[in-house]
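These notes are about the structure you will find just below.
Below, chain A is the first sequence line, B the second, and so on; all start at residue 1. Fair warning: this is a prediction, and the values are worked out from it, not measured in the lab.
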Amino acid sequence: MTRRLGCLVTLLWAGVAHAGTAIVGATVYTLEADQAQPREGVTVLVADGRVQAVGPDPVIPDGYQRIDATGRIVTPGLIESHSQLGLVEIAGEPSTRDASVGVVAFASTGATGVERFRFGPAFDVQYAINPNSTLLPVNRMDGVTRAVVAPLPGNDPLAGWGAAIRLDDAVGVQPRLALFGSIGAATAAYTGGSRSALIQRLREGLDGARSFRPDRYQPDAGAYTRREMSALKAFLDAGVPLVLTVHRANEIRQALAMAREFEFPLVIHGGSEAWQVAHTLARHRVPVIVDVLDNLPVSYDQLGARLDNAVLLQRAGVPVLLTAEETQNARLLRQIAGNAVAEGMPWADALAAVTAVPARVFGLPAGTGTLGPGAPADLVVWTDDPFELTTWAERVMIDGEWIPMTSRQTRLLERYRDLEGPLPFGYR
Amino acid sequence: MARRFRGTLAFVAAIAAGHALGASPDGAREPYASTYVPLPAEPLLITGATLLTGTGERLDGASVHVADGRIVAVGPDVEAPGARVVEARGQWLTPGLIDVHSHLGDYPAPSIQATADGNEATDPNTARVWAEHSVWPQDPQFPLALAGGVTTLQILPGSANLFGGRGVTLKNVPSRTVQGMKFPGAPHSLKMACGENPERVYGSRTLAPSTGMGNVAGYRAAWAKAVEYRDKRARAAADPEKDAPDRDLGLDTLVGVLDGEILVHNHCYRADEMAMMIDVAREFGYRITAFHHAVESYKIADLLAVEGICSAMWADWWSFKLEAFDAVNQNVALVDRAGACAIVHSDSPRGIQHLNQEAAKAMAAARRAGMAMSEAEAVRWLTLNAARALGVAAETGSIEPGKAADLVLWNRNPFSVYARAQRVYIDGYLYYDRNDPRRQPRTDFDLDQTARGSAP
């Protein structure tokens, strides 16, 4: 009875529309204008989904919800730079995967016309992003507020268009913010088995796209289709980045040469051997998305993998973005950042690498990844240093709203934490 | 200089004993026996560190005296004249970490066709194969795990099969042969697998098993044969008139389990499937030592406590397949709190390098849910509990007098993301020193791979 009443009160409370929110007393990393230093004991004012002000003693307007965050750390919400959130629910179950278009998918239907089913760079993930994915609550309650959703190569080195999402219930989708692709042994298999042929194919495509006219295009067998060439042309016209998953130093150089010749912004993802070409990447301001813990020579593309890759890049002046590289566990982003710091990256740079830098590189709404005035109010109140393994997110705000700190996992915990509870498990 | 000389002496001594070449002293009685010989180590007195002993205790500012590779004394006022003093104030000392679930050497890096040696996926019952026969000692992942503080690890066959084969427990020491890494006296294990993997691997070839019931039928048929084989052997031993059965390598393994000499390590995610495996074990009279990947152990932690079965778990892996969908971050803590044996394992060449971080996340998840959990308790998940599951707890897994000096000195609280192993000792010998590149082993594979290179 009391519990039911409690629920009712909670419901009513949640229903109360506050004019805004004041988060009081925290140590706040605003990252505004590349500001690395935190501001201590300040108040963050939020209204209409945006940060209004951060200051030591602002007047808190009437009707604002007041949250005491004394002793807590507030950062911008974390941004995962390379995931399949919303596209993949259970990686091992094909019916829950929408991240790629490839031979496997249509082989299962018995269809044969490979060319007819080709998407390559024309594939666009935006239409399959599932706002009901159970992965979203699990990751957002650990502080991930936005994510780049990337397609994976299916039958061509170019995987298609990626999007960005917010991890709240509304899941705002920002489509076509970058084109994605991959150069390595795995994708070279799509072009006959040589990395060189793969690069030739990309060069031919990009070259053709510059002068592409749909009515005059007569593709040779195996060349990019009309639809794919239209996409490549649209990519070159849009000026958005090509995010290439590429590890070996030689192919990183090749990617850079293409970017310069065909004049598109390049982002390297993976980049196990990027540290070997750090100064070149820095000179051309090519950002690199790194999974710090990916330090194993697991393939002949990655023999040069090392734990301090991100640190060497950052020291050379390369814009570094960090990724957890695991869709279901994008929440590990803070552990990745912590390891970057342990290897020598300055703390504030590691924070920027999971907030402000990815927001800037991917063109997320102005101010995202910072807590400057007018920035989207995506923020996290942490119990302490967010990179530490023994802290956690106490509250998470996305687009100005506190998200519920529950997920399928917290429900399972409630159900089973006391195995001798009064009700049968199915009724808990 | 003196140190190098002693190392050479040991090497010469080992060769003289015929060991270092990996030939077993008595191949028929104990085939593929360990040839590991501890390197001679100078006496040590490690002072001032914060000790997590592995037994659930924390000792602040205590000292550890090591002689002849063994822990001699632990406490606040230990004296050891003549021992080399390692001043460790501000640092933390733990037992060497133990990973009960690894495929290093069997699935080495680089992961290519030529090195995929971990799954004999040609038959759902390959109890006859031994993981140690696949281990490539030059896998560059071994030294990386050493840098993460791992001193002992169990190499298991993969999980494609109902019976994957025998596992082996190794010391994480550089060696030309796997025999030179084998943990002396460690029991063999049998890897079994529940669930989706065998069903998928064989079901996709329209072979048995393709279902859960096919899995259980496969276990039962094999155990029934093993019981018969054992009884036939016993009858032949007792009665010279009776013929012994033809030697069957797979049944030898299963009978080893029935006789309690080989420990069962059972890959099993779901709670209902673990309960089913417990009943299979009851039907044929064997014990399960540990469930691995036990993502749903928290649902039956009470049963696992009663049965005395360990759960080897991840901190937060989930959703990569349906049987891993019901993960909770508190799994490890709930199992521990139920009085069952909780272990954090990696099953990953990446995770094995930071098992301390995995345990830290599991500890933090407990605290987040309002359960008290200390570092001293949590370190057991990587040390003594793991040693018990491997049957080597008398030798390693805790900082106690009489045990091997398998030790890790951390630059700070190892449950911090910023912590790094500074020194790793195995049997008292300094195998890894973060500050001394000459004490950082490199495998043959690593030599002169230009890409591996050094920082600019």
Side-chain angles (χ1 to χ4, degrees), chain A residues 88-93 96 134-135 138 185 248-249 272-273 275-276 278-279 293-308 312 316 326-329 331-332 334-335 337-339 341-343 383 385 387-392 408-410 412-413 415-417 419-420 425, chain B residues 109-112 140-141 144 147 196 200 271 296 298-302 315-330 334 337-338 349-351 353-354 356-361 363-365 367-369 371 413 415-420 445-446 449-453 455-456:
Chain A
V88 176
E89 189 74 5
I90 296 170
E93 175 47 49
T96 72
T134 61
L135 278 62
V138 167
R248 210 166 69 159
S272 287
E273 295 181 3
W275 60 273
Q276 293 177 17
H279 293 292
L293 296 179
D294 187 11
N295 67 330
L296 291 160
V298 290
S299 73
Y300 274 87
D301 288 304
Q302 293 177 263
L303 290 183
R306 51 192 296 157
L307 205 49
D308 55 359
L312 298 174
E326 232 186 308
T327 291
Q328 71 277 15
N329 275 344
R331 57 185 173 171
L332 300 184
R334 62 200 193 99
Q335 182 186 1
N339 278 284
V341 174
E343 292 300 316
T383 55
D385 177 353
F387 298 161
E388 270 295 10
L389 305 161
T390 44
T391 62
W392 52 86
R408 202 168 170 284
Q409 300 194 344
T410 62
L412 282 162
L413 172 65
R415 175 173 277 197
Y416 286 102
R417 71 179 296 165
L419 295 176
E420 289 173 354
F425 293 103
Chain B
S111 168
I112 55 174
Q141 298 171 135
L144 292 171
E196 292 181 24
R200 185 184 61 250
E296 293 188 7
Y298 69 95
K299 295 185 183 177
I300 51 162
D302 47 355
D316 48 24
W317 285 25
W318 75 294
S319 106
F320 45 93
K321 45 186 173 172
L322 185 65
E323 63 189 6
F325 199 53
D326 278 6
V328 300
N329 297 339
Q330 288 76 16
L334 289 170
R337 282 291 176 261
R350 173 183 171 119
Q353 299 177 59
H354 42 77
N356 58 314
Q357 296 185 18
E358 300 307 295
K361 288 184 289 181
M363 178 181 78
R367 294 177 179 173
R368 187 178 189 174
M371 302 158 69
N413 182 338
F415 292 85
S416 164
V417 75
Y418 307 123
R420 289 292 184 265
F445 182 81
D446 275 330
Q449 290 278 8
T450 315
R452 308 274 290 141

Which atoms of [X] are under 4.5 Å from chain B, going by heavy atoms: the side chain, the backbone, both sets, or neither?
| X | value |
| --- | --- |
| Leu419(A) | side chain |
| Val138(A) | side chain |
| Arg415(A) | neither |
| Ser299(A) | backbone |
| Ala305(A) | backbone |
| Asp294(A) | both |
| Thr383(A) | neither |
| Gln328(A) | both |
| Arg417(A) | both |
| Leu135(A) | both |

Structural part of [X] lying under 4.5 Å from a heavy atom of chain A:
| X | answer |
| --- | --- |
| Arg420(B) | side chain |
| Ala369(B) | both |
| Glu196(B) | neither |
| Gln330(B) | side chain |
| Leu334(B) | side chain |
| Glu323(B) | neither |

4.5 Å side-chain heavy-atom contact, [X] and [Y]:
| X | Y | value |
| --- | --- | --- |
| Glu93(A) | Lys321(B) | no |
| Glu388(A) | Tyr418(B) | yes |
| Met363(B) | Leu389(A) | no |
| Asn295(A) | Arg350(B) | no |
| Thr134(A) | Phe325(B) | yes |

Going from [atom1] on [X] to [atom2] on [Y], what distance comes out if it is rounded to the nearest 0.5 angstrom?
| X | Y | atom1 | atom2 | result |
| --- | --- | --- | --- | --- |
| Ile90(A) | Phe320(B) | CD1 | CZ | 11.0 Å |
| Thr390(A) | Asn413(B) | OG1 | CG | 7.5 Å |
| Leu412(A) | Tyr298(B) | CG | OH | 4.0 Å |

Would you find a donor on one side and an acceptor on the other, under 3.5 Å apart, between the side chain of [X] and the backbone of [Y]?
| X | Y | answer |
| --- | --- | --- |
| Asn329(A) | Trp318(B) | no |
| Trp392(A) | Ala365(B) | no |
| Arg367(B) | Thr391(A) | no |

Run the numbers on Gln353(B) and Leu293(A) for side-chain contact (heavy atoms from CB on, under 4.5 Å), then give the verdict. CA-CA 9 Å; Gln353(B) 299 177 59; Leu293(A) 296 179; over 6 Å; no
Before giving the answer on side-chain contact (heavy atoms from CB on, under 4.5 Å), spell out for Tyr416(A) and Ile300(B) the whole-Å C-alpha distance, their side-chain angles and the decisive distance to 0.1 Å. CA-CA 9 Å; Tyr416(A) 286 102; Ile300(B) 51 162; over 6 Å; no
Please name the pair of heavy atoms, one in Arg331(A) and one in Asp316(B), separated by the smallest distance, quoted to 0.1 Å. NH2-O, 3.0 Å
Gln335(A) versus Val417(B), closest heavy-atom pair with distance: O-CG2, 3.8 Å
Do you know which of Ala185(A), Ala91(A), Gly92(A), Ala249(A) has the most heavy-atom pairs with chain B at a distance under 4.5 angstrom? Ala91(A)
Counting heavy-atom pairs under 4.5 Å with chain B, which one of Asn339(A), Asp385(A), Thr410(A), Thr96(A) comes out on top? Asn339(A)
For chain A, which of [options] has the most heavy-atom pairs under 4.5 Å?
| options | result |
| --- | --- |
| Pro349(B), Ala419(B), Ala315(B) | Pro349(B) |
| Ala338(B), Ala364(B), Pro140(B) | Ala364(B) |
| Ser416(B), Ala360(B), Ala324(B) | Ser416(B) |

For Asp326(B) and Gln409(A), which I'm curious about, is there any donor-acceptor pair between the side chains at under 3.5 Å? no
Side-chain donor-acceptor pair under 3.5 Å between Ser319(B) and Glu89(A), yes or no?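 No.
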